[in-house]
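Per chain, numbering begins at 1; letters A, B, ... match sequence-line order. Keep in mind that the numbers below use all heavy atoms, side chains included, and drop hydrogens, waters and symmetry copies. Just so it is clear, the model here is predicted, and its values are computed rather than measured.
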Amino acid sequence: MRCARLSHAGSLDSSHPEVGTGAAGKSSAGEFVRIQLKVRRERILEAKFKAFGCSGSIASASLAAEWAEGKTLEEAASIRESELAAALELPPTRRHCSTLAEEALHCAIQNYREKCQQRENLSSIVSTGGSR
Amino acid sequence: MKSSGGGRAVKQARIYMDHHATTPVDPRVLEAMLPYFSEEFGNAASRSHSFGWRAEEAVEESRETIAQLIHAGPKEIVFTSGATESDNLAILGTAEILGERGRHILTCRTEHLAVLDCCRQLERRGFQVTYLPVDTTGRVSPDDVRAALRRETILISLMAANNEVGTLHPISEIGKIAKEREVLFHCDASQAVGKVPVDVEAMGVDLLSFTAHKLYGPKGTGALYVRRKAPRVRLAPMLHGGGHEAGMRPGTLNVPGIVGFGKACEVAGRVLLEESSRIAELRDRLHRGIVSELEEVRLNGHPELRLSNNLNLSFSYVEGEALMLAMDDVAVSSGSACTSATQEPSHVLKAMGVSDELAHTSLRFGLGRFNTRDEVDYVIGRVVQSVKKLREISPLYEMALDEKRGSRADGLR
(Lines give C-alpha, C1' and ligand atoms only; values in the text may rest on other atoms or scores of the structure.)
Protein backbone atom coordinates (compact mmCIF):
# COMPACT_ATOMS: atom_id res chain seq x y z
CA MET A 1 0.00 0.00 0.00
CA ARG A 2 1.49 3.28 -1.03
CA CYS A 3 0.35 5.82 1.54
CA ALA A 4 1.66 8.70 -0.55
CA ARG A 5 -0.97 8.14 -3.23
CA LEU A 6 -3.97 8.34 -0.90
CA SER A 7 -4.81 11.78 -2.27
CA HIS A 8 -8.49 11.52 -1.47
CA ALA A 9 -7.97 10.82 2.22
CA GLY A 10 -9.60 13.41 4.42
CA SER A 11 -12.84 14.86 5.70
CA LEU A 12 -15.53 17.26 4.64
CA ASP A 13 -17.88 19.11 6.92
CA SER A 14 -20.76 16.65 7.39
CA SER A 15 -23.09 19.43 8.56
CA HIS A 16 -22.66 21.35 5.30
CA PRO A 17 -25.79 21.23 3.12
CA GLU A 18 -23.76 20.27 0.03
CA VAL A 19 -22.04 17.31 1.72
CA GLY A 20 -23.31 13.74 1.75
CA THR A 21 -21.72 11.36 4.26
CA GLY A 22 -21.87 7.59 4.02
CA ALA A 23 -20.32 4.86 6.12
CA ALA A 24 -20.19 1.07 6.07
CA GLY A 25 -18.76 -1.74 8.15
CA LYS A 26 -18.18 -2.33 11.86
CA SER A 27 -15.02 -1.62 13.81
CA SER A 28 -15.58 -4.88 15.71
CA ALA A 29 -15.32 -6.68 12.36
CA GLY A 30 -12.05 -4.88 11.68
CA GLU A 31 -13.34 -2.59 8.95
CA PHE A 32 -15.14 0.73 8.90
CA VAL A 33 -15.15 3.01 5.89
CA ARG A 34 -16.49 6.54 5.47
CA ILE A 35 -16.94 8.37 2.17
CA GLN A 36 -18.01 11.99 1.87
CA LEU A 37 -19.10 13.84 -1.24
CA LYS A 38 -19.39 17.55 -1.91
CA VAL A 39 -22.08 17.97 -4.52
CA ARG A 40 -23.32 20.88 -6.54
CA ARG A 41 -25.94 20.71 -9.24
CA GLU A 42 -25.84 16.89 -9.23
CA ARG A 43 -22.09 16.78 -9.82
CA ILE A 44 -19.54 15.55 -7.25
CA LEU A 45 -17.01 18.34 -6.83
CA GLU A 46 -14.97 16.65 -4.15
CA ALA A 47 -14.85 13.13 -2.72
CA LYS A 48 -13.04 12.21 0.48
CA PHE A 49 -12.59 8.93 2.32
CA LYS A 50 -11.29 7.63 5.62
CA ALA A 51 -10.88 3.95 6.36
CA PHE A 52 -10.14 1.67 9.30
CA GLY A 53 -9.37 -1.74 7.88
CA CYS A 54 -6.92 -3.85 5.96
CA SER A 55 -5.05 -2.59 2.92
CA GLY A 56 -7.86 -3.90 0.68
CA SER A 57 -10.45 -1.80 2.50
CA ILE A 58 -8.28 1.29 2.35
CA ALA A 59 -7.47 0.81 -1.32
CA SER A 60 -11.11 0.15 -2.22
CA ALA A 61 -12.36 3.23 -0.37
CA SER A 62 -9.63 5.35 -1.91
CA LEU A 63 -10.45 4.13 -5.42
CA ALA A 64 -14.18 4.62 -4.91
CA ALA A 65 -13.56 8.24 -3.87
CA GLU A 66 -11.18 8.76 -6.78
CA TRP A 67 -13.71 7.43 -9.29
CA ALA A 68 -16.62 9.32 -7.77
CA GLU A 69 -14.99 12.72 -7.92
CA GLY A 70 -16.03 14.64 -11.02
CA LYS A 71 -18.91 12.30 -11.82
CA THR A 72 -22.61 13.03 -11.56
CA LEU A 73 -24.49 11.41 -8.70
CA GLU A 74 -26.15 9.04 -11.13
CA GLU A 75 -22.82 7.98 -12.61
CA ALA A 76 -21.33 7.50 -9.15
CA ALA A 77 -24.32 5.43 -8.07
CA SER A 78 -23.54 2.97 -10.85
CA ILE A 79 -20.00 2.24 -9.58
CA ARG A 80 -19.98 -1.44 -8.68
CA GLU A 81 -17.83 -3.34 -6.16
CA SER A 82 -16.93 -5.84 -8.90
CA GLU A 83 -15.31 -2.99 -10.88
CA LEU A 84 -13.35 -1.85 -7.83
CA ALA A 85 -12.29 -5.44 -7.11
CA ALA A 86 -11.16 -5.98 -10.70
CA ALA A 87 -9.19 -2.74 -10.81
CA LEU A 88 -7.42 -3.61 -7.55
CA GLU A 89 -7.02 -7.31 -8.43
CA LEU A 90 -8.57 -8.27 -5.12
CA PRO A 91 -8.52 -12.01 -4.37
CA PRO A 92 -11.88 -13.66 -3.51
CA THR A 93 -11.18 -13.47 0.23
CA ARG A 94 -10.95 -9.68 -0.03
CA ARG A 95 -14.18 -8.97 -1.88
CA HIS A 96 -15.71 -7.72 1.36
CA CYS A 97 -13.36 -4.72 1.01
CA SER A 98 -14.77 -3.56 -2.32
CA THR A 99 -18.31 -4.32 -1.16
CA LEU A 100 -17.84 -2.04 1.81
CA ALA A 101 -16.52 0.78 -0.37
CA GLU A 102 -19.50 0.50 -2.71
CA GLU A 103 -21.86 0.52 0.27
CA ALA A 104 -20.24 3.62 1.78
CA LEU A 105 -20.32 5.47 -1.54
CA HIS A 106 -23.98 4.67 -2.20
CA CYS A 107 -24.78 5.60 1.39
CA ALA A 108 -23.12 9.00 0.88
CA ILE A 109 -25.15 9.59 -2.26
CA GLN A 110 -28.30 8.58 -0.40
CA ASN A 111 -27.45 10.87 2.51
CA TYR A 112 -26.97 13.83 0.18
CA ARG A 113 -30.30 13.15 -1.55
CA GLU A 114 -32.05 12.91 1.80
CA LYS A 115 -30.58 16.25 2.83
CA CYS A 116 -31.84 17.83 -0.40
CA GLN A 117 -35.27 16.33 0.16
CA GLN A 118 -35.37 17.65 3.72
CA ARG A 119 -34.43 21.12 2.49
CA GLU A 120 -37.19 20.97 -0.10
CA ASN A 121 -39.73 19.80 2.48
CA LEU A 122 -38.65 22.56 4.87
CA SER A 123 -38.87 25.29 2.23
CA SER A 124 -42.32 24.06 1.14
CA ILE A 125 -43.53 24.11 4.79
CA VAL A 126 -42.18 27.63 5.22
CA SER A 127 -43.73 28.87 1.98
CA THR A 128 -47.16 27.44 2.89
CA GLY A 129 -47.03 29.13 6.32
CA GLY A 130 -46.33 26.09 8.51
CA SER A 131 -48.54 23.22 9.56
CA ARG A 132 -51.16 25.30 11.38
CA MET B 1 -3.15 1.26 -6.28
CA LYS B 2 -2.97 -2.44 -5.63
CA SER B 3 -3.71 -3.96 -2.24
CA SER B 4 -2.04 -6.94 -0.65
CA GLY B 5 -3.04 -10.54 -1.40
CA GLY B 6 -2.90 -12.40 -4.72
CA GLY B 7 -0.81 -10.89 -7.45
CA ARG B 8 1.11 -8.13 -5.71
CA ALA B 9 4.86 -7.80 -6.14
CA VAL B 10 6.51 -9.20 -2.99
CA LYS B 11 8.89 -6.77 -1.39
CA GLN B 12 11.69 -8.45 0.55
CA ALA B 13 11.33 -7.77 4.29
CA ARG B 14 14.69 -6.54 5.54
CA ILE B 15 14.29 -6.93 9.30
CA TYR B 16 12.90 -10.08 10.84
CA MET B 17 10.95 -9.74 14.07
CA ASP B 18 8.64 -12.72 13.83
CA HIS B 19 10.65 -15.25 15.83
CA HIS B 20 7.54 -16.86 17.30
CA ALA B 21 6.60 -18.02 13.82
CA THR B 22 10.03 -19.45 13.11
CA THR B 23 13.72 -18.72 13.54
CA PRO B 24 16.64 -18.76 11.12
CA VAL B 25 18.95 -21.77 11.37
CA ASP B 26 21.98 -20.76 13.41
CA PRO B 27 25.19 -21.03 11.31
CA ARG B 28 26.64 -23.41 13.92
CA VAL B 29 23.60 -25.63 13.52
CA LEU B 30 23.81 -25.62 9.73
CA GLU B 31 27.48 -26.53 9.88
CA ALA B 32 26.74 -29.47 12.18
CA MET B 33 23.98 -30.74 9.86
CA LEU B 34 25.75 -30.59 6.51
CA PRO B 35 27.85 -33.78 6.68
CA TYR B 36 24.65 -35.75 7.31
CA PHE B 37 23.33 -34.80 3.89
CA SER B 38 26.40 -35.88 2.00
CA GLU B 39 29.11 -38.06 3.53
CA GLU B 40 27.20 -39.42 6.55
CA PHE B 41 23.88 -40.00 4.85
CA GLY B 42 23.17 -43.41 6.33
CA ASN B 43 19.81 -44.51 7.69
CA ALA B 44 20.10 -44.63 11.47
CA ALA B 45 18.16 -47.91 11.44
CA SER B 46 20.63 -49.66 9.13
CA ARG B 47 22.21 -52.09 11.57
CA SER B 48 24.70 -53.79 9.29
CA HIS B 49 27.16 -51.17 8.12
CA SER B 50 29.09 -48.13 9.24
CA PHE B 51 26.88 -45.70 7.34
CA GLY B 52 24.02 -46.74 9.59
CA TRP B 53 26.11 -46.94 12.74
CA ARG B 54 27.49 -43.43 12.27
CA ALA B 55 24.01 -42.05 11.65
CA GLU B 56 22.71 -43.84 14.72
CA GLU B 57 25.58 -42.51 16.81
CA ALA B 58 24.82 -38.97 15.70
CA VAL B 59 21.14 -39.42 16.53
CA GLU B 60 21.85 -40.79 19.97
CA GLU B 61 24.32 -38.00 20.76
CA SER B 62 21.69 -35.47 19.76
CA ARG B 63 19.04 -37.26 21.78
CA GLU B 64 21.28 -36.92 24.83
CA THR B 65 21.87 -33.19 24.28
CA ILE B 66 18.20 -32.49 23.63
CA ALA B 67 17.17 -34.38 26.75
CA GLN B 68 19.69 -32.43 28.82
CA LEU B 69 18.13 -29.11 27.85
CA ILE B 70 14.84 -30.11 29.46
CA HIS B 71 16.39 -32.20 32.30
CA ALA B 72 15.03 -35.45 30.93
CA GLY B 73 16.63 -38.81 30.22
CA PRO B 74 17.56 -39.62 26.61
CA LYS B 75 15.19 -42.59 26.49
CA GLU B 76 12.38 -40.18 27.22
CA ILE B 77 12.80 -38.32 23.93
CA VAL B 78 10.70 -39.42 20.95
CA PHE B 79 11.53 -37.72 17.67
CA THR B 80 8.66 -36.41 15.56
CA SER B 81 8.23 -34.04 12.62
CA GLY B 82 7.48 -31.10 14.90
CA ALA B 83 5.38 -29.82 17.79
CA THR B 84 2.09 -30.31 15.98
CA GLU B 85 2.80 -33.99 15.57
CA SER B 86 4.07 -34.20 19.17
CA ASP B 87 0.81 -32.62 20.38
CA ASN B 88 -1.22 -35.11 18.35
CA LEU B 89 0.77 -38.03 19.72
CA ALA B 90 0.52 -36.80 23.30
CA ILE B 91 -3.19 -36.02 23.29
CA LEU B 92 -4.68 -38.57 20.92
CA GLY B 93 -2.14 -41.19 22.01
CA THR B 94 -3.11 -40.76 25.67
CA ALA B 95 -6.83 -40.74 24.91
CA GLU B 96 -6.56 -44.04 23.10
CA ILE B 97 -4.72 -45.74 25.96
CA LEU B 98 -6.71 -44.26 28.84
CA GLY B 99 -10.07 -43.84 27.12
CA GLU B 100 -11.53 -46.75 29.05
CA ARG B 101 -10.53 -45.24 32.40
CA GLY B 102 -12.01 -41.83 31.73
CA ARG B 103 -13.13 -39.52 28.96
CA HIS B 104 -12.50 -35.99 30.19
CA ILE B 105 -9.68 -33.71 29.04
CA LEU B 106 -8.75 -30.37 30.55
CA THR B 107 -7.17 -27.65 28.46
CA CYS B 108 -7.32 -23.90 27.98
CA ARG B 109 -8.91 -21.51 25.47
CA THR B 110 -5.60 -19.94 24.49
CA GLU B 111 -3.85 -23.12 23.40
CA HIS B 112 -2.32 -23.47 19.97
CA LEU B 113 -4.65 -24.83 17.32
CA ALA B 114 -2.66 -28.08 17.26
CA VAL B 115 -3.91 -28.76 20.80
CA LEU B 116 -7.40 -27.31 20.34
CA ASP B 117 -8.07 -29.27 17.14
CA CYS B 118 -6.93 -32.52 18.78
CA CYS B 119 -9.38 -31.80 21.61
CA ARG B 120 -12.18 -31.08 19.14
CA GLN B 121 -11.37 -34.34 17.41
CA LEU B 122 -11.73 -36.14 20.76
CA GLU B 123 -15.06 -34.39 21.36
CA ARG B 124 -16.27 -35.80 18.07
CA ARG B 125 -15.32 -39.24 19.42
CA GLY B 126 -17.40 -38.72 22.55
CA PHE B 127 -14.82 -37.30 24.95
CA GLN B 128 -15.64 -34.25 27.05
CA VAL B 129 -13.25 -31.32 27.03
CA THR B 130 -13.16 -28.36 29.39
CA TYR B 131 -11.55 -25.28 27.90
CA LEU B 132 -10.47 -23.20 30.88
CA PRO B 133 -10.71 -19.43 30.67
CA VAL B 134 -7.77 -17.10 31.23
CA ASP B 135 -7.54 -13.77 32.96
CA THR B 136 -6.94 -10.49 31.12
CA THR B 137 -3.20 -11.16 31.06
CA GLY B 138 -3.72 -14.55 29.45
CA ARG B 139 -2.89 -16.60 32.54
CA VAL B 140 -4.81 -19.65 33.66
CA SER B 141 -5.51 -20.04 37.37
CA PRO B 142 -4.33 -23.18 39.25
CA ASP B 143 -7.52 -22.95 41.33
CA ASP B 144 -9.59 -23.19 38.16
CA VAL B 145 -7.60 -26.25 37.13
CA ARG B 146 -8.20 -27.87 40.51
CA ALA B 147 -11.91 -27.09 40.38
CA ALA B 148 -12.33 -28.43 36.86
CA LEU B 149 -10.65 -31.80 37.47
CA ARG B 150 -13.03 -34.75 37.64
CA ARG B 151 -12.67 -38.41 38.44
CA GLU B 152 -12.83 -39.12 34.70
CA THR B 153 -10.09 -36.61 33.76
CA ILE B 154 -7.26 -38.41 32.03
CA LEU B 155 -5.18 -35.53 30.73
CA ILE B 156 -4.40 -31.87 31.29
CA SER B 157 -2.86 -30.04 28.34
CA LEU B 158 -1.48 -26.54 28.89
CA MET B 159 1.21 -24.62 27.07
CA ALA B 160 4.20 -23.24 28.97
CA ALA B 161 4.35 -19.93 27.11
CA ASN B 162 1.79 -18.42 24.80
CA ASN B 163 2.89 -17.94 21.20
CA GLU B 164 0.87 -14.76 20.65
CA VAL B 165 1.22 -12.71 23.80
CA GLY B 166 4.14 -14.44 25.49
CA THR B 167 2.37 -15.00 28.81
CA LEU B 168 3.84 -17.75 30.99
CA HIS B 169 1.41 -20.16 32.67
CA PRO B 170 2.01 -21.28 36.28
CA ILE B 171 3.08 -24.72 35.08
CA SER B 172 4.86 -25.96 38.26
CA GLU B 173 1.86 -25.17 40.43
CA ILE B 174 -0.42 -26.99 38.02
CA GLY B 175 2.07 -29.85 37.83
CA LYS B 176 1.72 -30.32 41.58
CA ILE B 177 -2.06 -30.43 41.29
CA ALA B 178 -1.82 -32.95 38.45
CA LYS B 179 0.44 -35.17 40.58
CA GLU B 180 -1.88 -34.94 43.58
CA ARG B 181 -4.84 -36.00 41.47
CA GLU B 182 -2.81 -38.50 39.41
CA VAL B 183 -3.75 -36.98 36.09
CA LEU B 184 -1.28 -36.93 33.23
CA PHE B 185 0.00 -33.47 32.38
CA HIS B 186 1.00 -32.54 28.82
CA CYS B 187 2.71 -29.25 28.11
CA ASP B 188 3.25 -27.73 24.67
CA ALA B 189 6.53 -25.95 25.37
CA SER B 190 7.41 -24.96 21.79
CA GLN B 191 7.77 -21.30 22.64
CA ALA B 192 9.46 -21.85 26.00
CA VAL B 193 12.27 -24.33 25.28
CA GLY B 194 15.45 -22.42 24.57
CA LYS B 195 14.02 -19.17 25.89
CA VAL B 196 13.31 -19.94 29.54
CA PRO B 197 14.74 -22.75 31.69
CA VAL B 198 12.59 -25.84 31.18
CA ASP B 199 12.89 -28.68 33.68
CA VAL B 200 10.36 -31.47 33.30
CA GLU B 201 10.91 -32.59 36.91
CA ALA B 202 10.45 -29.14 38.43
CA MET B 203 7.44 -28.54 36.18
CA GLY B 204 5.86 -31.84 37.07
CA VAL B 205 4.94 -32.66 33.47
CA ASP B 206 4.58 -36.11 31.96
CA LEU B 207 4.56 -35.15 28.29
CA LEU B 208 6.23 -32.14 26.67
CA SER B 209 6.15 -31.04 23.02
CA PHE B 210 8.83 -28.91 21.47
CA THR B 211 10.38 -28.30 18.08
CA ALA B 212 13.70 -27.37 16.51
CA HIS B 213 12.65 -24.49 14.33
CA LYS B 214 11.66 -22.31 17.29
CA LEU B 215 15.20 -22.41 18.65
CA TYR B 216 17.38 -21.74 15.62
CA GLY B 217 17.20 -25.31 14.36
CA PRO B 218 15.73 -26.66 11.12
CA LYS B 219 12.04 -27.04 10.36
CA GLY B 220 10.59 -30.53 10.15
CA THR B 221 12.05 -31.95 13.37
CA GLY B 222 10.56 -31.96 16.81
CA ALA B 223 10.28 -34.10 19.88
CA LEU B 224 7.91 -35.34 22.51
CA TYR B 225 9.19 -35.93 26.03
CA VAL B 226 7.49 -39.04 27.40
CA ARG B 227 8.03 -39.72 31.10
CA ARG B 228 9.37 -43.15 31.98
CA LYS B 229 9.32 -43.04 35.78
CA ALA B 230 6.57 -42.21 38.22
CA PRO B 231 4.57 -42.80 36.14
CA ARG B 232 5.73 -44.63 33.07
CA VAL B 233 3.61 -43.04 30.39
CA ARG B 234 2.23 -45.17 27.59
CA LEU B 235 0.99 -43.78 24.33
CA ALA B 236 -0.77 -45.30 21.35
CA PRO B 237 1.21 -44.45 18.22
CA MET B 238 -0.37 -42.25 15.58
CA LEU B 239 1.66 -43.72 12.77
CA HIS B 240 2.21 -47.36 12.05
CA GLY B 241 5.05 -49.12 10.36
CA GLY B 242 8.28 -50.21 11.87
CA GLY B 243 8.57 -49.84 15.61
CA HIS B 244 11.13 -47.02 15.71
CA GLU B 245 11.29 -44.80 18.79
CA ALA B 246 10.21 -47.60 21.12
CA GLY B 247 7.15 -48.19 18.97
CA MET B 248 5.81 -44.71 19.54
CA ARG B 249 6.80 -43.14 16.25
CA PRO B 250 7.82 -45.30 13.31
CA GLY B 251 9.52 -43.91 10.25
CA THR B 252 13.07 -43.29 9.13
CA LEU B 253 14.63 -40.71 11.38
CA ASN B 254 15.43 -37.31 9.93
CA VAL B 255 19.11 -37.63 10.79
CA PRO B 256 20.34 -34.22 9.59
CA GLY B 257 17.30 -32.60 11.20
CA ILE B 258 17.94 -34.37 14.49
CA VAL B 259 21.62 -33.46 14.44
CA GLY B 260 20.60 -29.85 13.86
CA PHE B 261 18.06 -30.07 16.67
CA GLY B 262 20.76 -31.41 18.96
CA LYS B 263 23.19 -28.65 18.09
CA ALA B 264 20.48 -26.00 18.49
CA CYS B 265 19.67 -27.33 21.97
CA GLU B 266 23.35 -27.44 22.90
CA VAL B 267 23.81 -23.80 21.87
CA ALA B 268 20.56 -22.77 23.58
CA GLY B 269 21.60 -24.43 26.82
CA ARG B 270 24.86 -22.49 26.84
CA VAL B 271 23.52 -19.06 25.94
CA LEU B 272 20.01 -19.14 27.38
CA LEU B 273 20.36 -16.85 30.39
CA GLU B 274 22.60 -14.25 28.77
CA GLU B 275 20.60 -14.24 25.54
CA SER B 276 17.25 -14.00 27.22
CA SER B 277 18.36 -10.98 29.24
CA ARG B 278 19.93 -9.28 26.23
CA ILE B 279 16.80 -9.81 24.13
CA ALA B 280 14.59 -8.59 26.99
CA GLU B 281 16.51 -5.32 26.94
CA LEU B 282 15.99 -4.96 23.20
CA ARG B 283 12.31 -5.78 23.59
CA ASP B 284 11.89 -3.23 26.37
CA ARG B 285 13.71 -0.65 24.26
CA LEU B 286 11.31 -1.36 21.40
CA HIS B 287 8.32 -1.01 23.72
CA ARG B 288 9.53 2.20 25.35
CA GLY B 289 10.45 3.71 22.00
CA ILE B 290 6.99 3.07 20.61
CA VAL B 291 4.91 4.20 23.60
CA SER B 292 7.02 7.31 24.12
CA GLU B 293 5.89 8.59 20.72
CA LEU B 294 2.39 7.16 20.36
CA GLU B 295 -0.69 7.33 22.54
CA GLU B 296 -3.34 4.67 22.94
CA VAL B 297 -1.01 1.71 22.54
CA ARG B 298 -1.99 -1.24 24.68
CA LEU B 299 0.27 -4.09 25.79
CA ASN B 300 -1.38 -7.48 25.43
CA GLY B 301 -0.27 -10.22 27.82
CA HIS B 302 1.25 -10.28 31.27
CA PRO B 303 3.56 -7.31 31.92
CA GLU B 304 6.16 -9.38 33.81
CA LEU B 305 5.44 -13.09 33.47
CA ARG B 306 6.06 -13.19 29.75
CA LEU B 307 8.66 -14.39 27.26
CA SER B 308 11.60 -12.03 27.08
CA ASN B 309 11.37 -11.66 23.31
CA ASN B 310 7.64 -11.07 22.93
CA LEU B 311 5.87 -7.75 22.45
CA ASN B 312 2.22 -7.81 21.49
CA LEU B 313 0.69 -4.36 21.10
CA SER B 314 -2.71 -3.05 20.05
CA PHE B 315 -2.64 0.27 18.23
CA SER B 316 -6.08 1.86 18.56
CA TYR B 317 -7.82 2.99 15.38
CA VAL B 318 -5.36 1.26 13.03
CA GLU B 319 -5.90 -2.21 11.57
CA GLY B 320 -3.08 -4.76 11.85
CA GLU B 321 -2.75 -5.92 8.24
CA ALA B 322 -2.69 -2.36 6.93
CA LEU B 323 -0.06 -1.50 9.53
CA MET B 324 2.12 -4.44 8.56
CA LEU B 325 1.89 -3.47 4.91
CA ALA B 326 2.72 0.16 5.69
CA MET B 327 5.95 -1.02 7.33
CA ASP B 328 6.53 -3.94 5.01
CA ASP B 329 10.32 -3.94 5.31
CA VAL B 330 9.82 -5.32 8.83
CA ALA B 331 8.50 -8.85 9.31
CA VAL B 332 6.03 -9.16 12.19
CA SER B 333 2.60 -10.71 12.53
CA SER B 334 -0.86 -9.57 13.56
CA GLY B 335 -3.95 -10.74 15.42
CA SER B 336 -6.24 -9.18 12.84
CA ALA B 337 -8.78 -11.28 10.99
CA CYS B 338 -7.44 -10.40 7.56
CA THR B 339 -4.13 -12.08 8.33
CA SER B 340 -5.53 -15.33 9.67
CA ALA B 341 -6.39 -18.39 7.64
CA THR B 342 -9.84 -18.50 9.23
CA GLN B 343 -10.55 -14.78 8.70
CA GLU B 344 -11.32 -14.56 12.42
CA PRO B 345 -9.44 -12.32 14.86
CA SER B 346 -7.05 -13.93 17.34
CA HIS B 347 -8.76 -16.45 19.62
CA VAL B 348 -6.10 -15.78 22.24
CA LEU B 349 -6.83 -12.07 22.47
CA LYS B 350 -10.54 -12.81 22.51
CA ALA B 351 -10.12 -15.23 25.42
CA MET B 352 -8.24 -12.50 27.29
CA GLY B 353 -11.21 -10.18 26.95
CA VAL B 354 -9.62 -7.91 24.37
CA SER B 355 -12.38 -6.34 22.28
CA ASP B 356 -12.73 -7.45 18.68
CA GLU B 357 -11.82 -3.97 17.50
CA LEU B 358 -8.58 -3.94 19.51
CA ALA B 359 -7.75 -7.48 18.43
CA HIS B 360 -7.83 -6.31 14.81
CA THR B 361 -5.32 -3.58 15.67
CA SER B 362 -2.73 -5.85 17.23
CA LEU B 363 0.83 -6.49 16.13
CA ARG B 364 3.09 -9.23 17.46
CA PHE B 365 6.84 -8.61 17.59
CA GLY B 366 9.04 -11.62 18.33
CA LEU B 367 12.68 -10.64 18.73
CA GLY B 368 15.53 -13.06 18.25
CA ARG B 369 19.17 -13.94 18.60
CA PHE B 370 20.36 -11.87 15.67
CA ASN B 371 18.30 -8.69 16.14
CA THR B 372 20.38 -5.61 16.94
CA ARG B 373 19.83 -2.33 18.72
CA ASP B 374 20.04 -0.49 15.40
CA GLU B 375 17.28 -2.68 14.02
CA VAL B 376 15.12 -1.97 17.06
CA ASP B 377 15.65 1.78 16.67
CA TYR B 378 14.79 1.58 12.98
CA VAL B 379 11.65 -0.42 13.69
CA ILE B 380 10.52 2.07 16.34
CA GLY B 381 10.70 4.79 13.68
CA ARG B 382 8.79 2.73 11.12
CA VAL B 383 6.07 1.76 13.58
CA VAL B 384 5.55 5.31 14.80
CA GLN B 385 5.54 6.74 11.28
CA SER B 386 3.15 4.07 9.95
CA VAL B 387 0.72 4.31 12.87
CA LYS B 388 0.60 8.10 12.56
CA LYS B 389 -0.04 7.92 8.81
CA LEU B 390 -2.81 5.36 9.23
CA ARG B 391 -4.41 7.26 12.09
CA GLU B 392 -4.56 10.30 9.82
CA ILE B 393 -6.81 8.40 7.45
CA SER B 394 -8.76 6.53 10.14
CA PRO B 395 -12.37 7.64 10.70
CA LEU B 396 -12.23 6.06 14.18
CA TYR B 397 -9.25 8.21 15.15
CA GLU B 398 -11.04 11.31 13.90
CA MET B 399 -14.14 10.39 15.91
CA ALA B 400 -12.04 9.81 19.01
CA LEU B 401 -10.33 13.19 18.64
CA ASP B 402 -13.69 14.91 18.15
CA GLU B 403 -14.95 13.28 21.31
CA LYS B 404 -11.93 14.45 23.24
CA ARG B 405 -12.31 17.99 21.94
CA GLY B 406 -15.99 17.92 22.75
CA SER B 407 -15.42 16.73 26.33
CA ARG B 408 -12.62 19.23 26.82
CA ALA B 409 -14.93 22.00 25.63
CA ASP B 410 -17.59 20.69 28.01
CA GLY B 411 -15.04 20.83 30.80
CA LEU B 412 -14.34 24.47 30.09
CA ARG B 413 -17.96 25.54 30.28
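Distance OG/A/Ser27 to CG/B/Leu396: 5.5 Å, rounded to 0.5 Å. To the nearest 0.5 Å, atom CD1 of residue B/Ile393 and atom CD1 of residue A/Ile58 are 4.0 Å apart.
The contact between B/Glu392 and chain A is made entirely by backbone atoms, counting heavy-atom distances below 4.5 Å. Contact annotation for B/Met399: only side-chain heavy atoms (C-beta onward) come within less than 4.5 Å of a heavy atom of chain A. Only the backbone of A/Ala29 comes within contact range of chain B, with at least one heavy atom under 4.5 Å from a heavy atom of that chain. For B/Thr361, the part lying under 4.5 angstrom from a heavy atom of chain A is the side chain only. Of the atoms belonging to B/Ser394, heavy atoms from both backbone and side chain fall under 4.5 Å from chain A.
Under the rule for a salt bridge (Lys or Arg N to Asp or Glu O under 4.0 Å), B/Arg109 has no partner lying at least two apart in sequence or in another chain. Applying the ring pair (Phe, Tyr, Trp, His ring centres under 6.0 Å) criterion to B/Phe315, with sequence neighbours excluded, gives no partner residue. The ring pair (Phe, Tyr, Trp, His ring centres under 6.0 Å) search around B/His19 returns B/Tyr16, not counting sequence neighbours.
Contact detail for A/Cys54 and B/Glu321: the closest heavy-atom pair is CB-OE1, 3.3 Å. The shortest non-hydrogen separation linking B/Ala322 to A/Gly53 is CB-O, 3.3 Å. Nearest heavy atoms, B/Asp356 versus A/Ser28: CB-O, 3.1 Å.
When side chains are defined from C-beta on, A/Phe52 counts as touching B/Glu357, because their heavy atoms get closer than 4.5 Å.
Residues of residues 9-20 of chain A lying under 4.5 angstrom from chain B, judged on non-hydrogen atoms, are A/Ala9, A/Ser11 by number.
Counted within 6.0 Å of NZ on B/Lys219, heavy atoms from surrounding residues, nucleotides or ligands total more than 12; the atom is thus considered enclosed. The environment of CZ in B/Arg373 is sparse: at most 12 heavy-atom neighbours from other residues, nucleotides or ligands sit within 6.0 Å.
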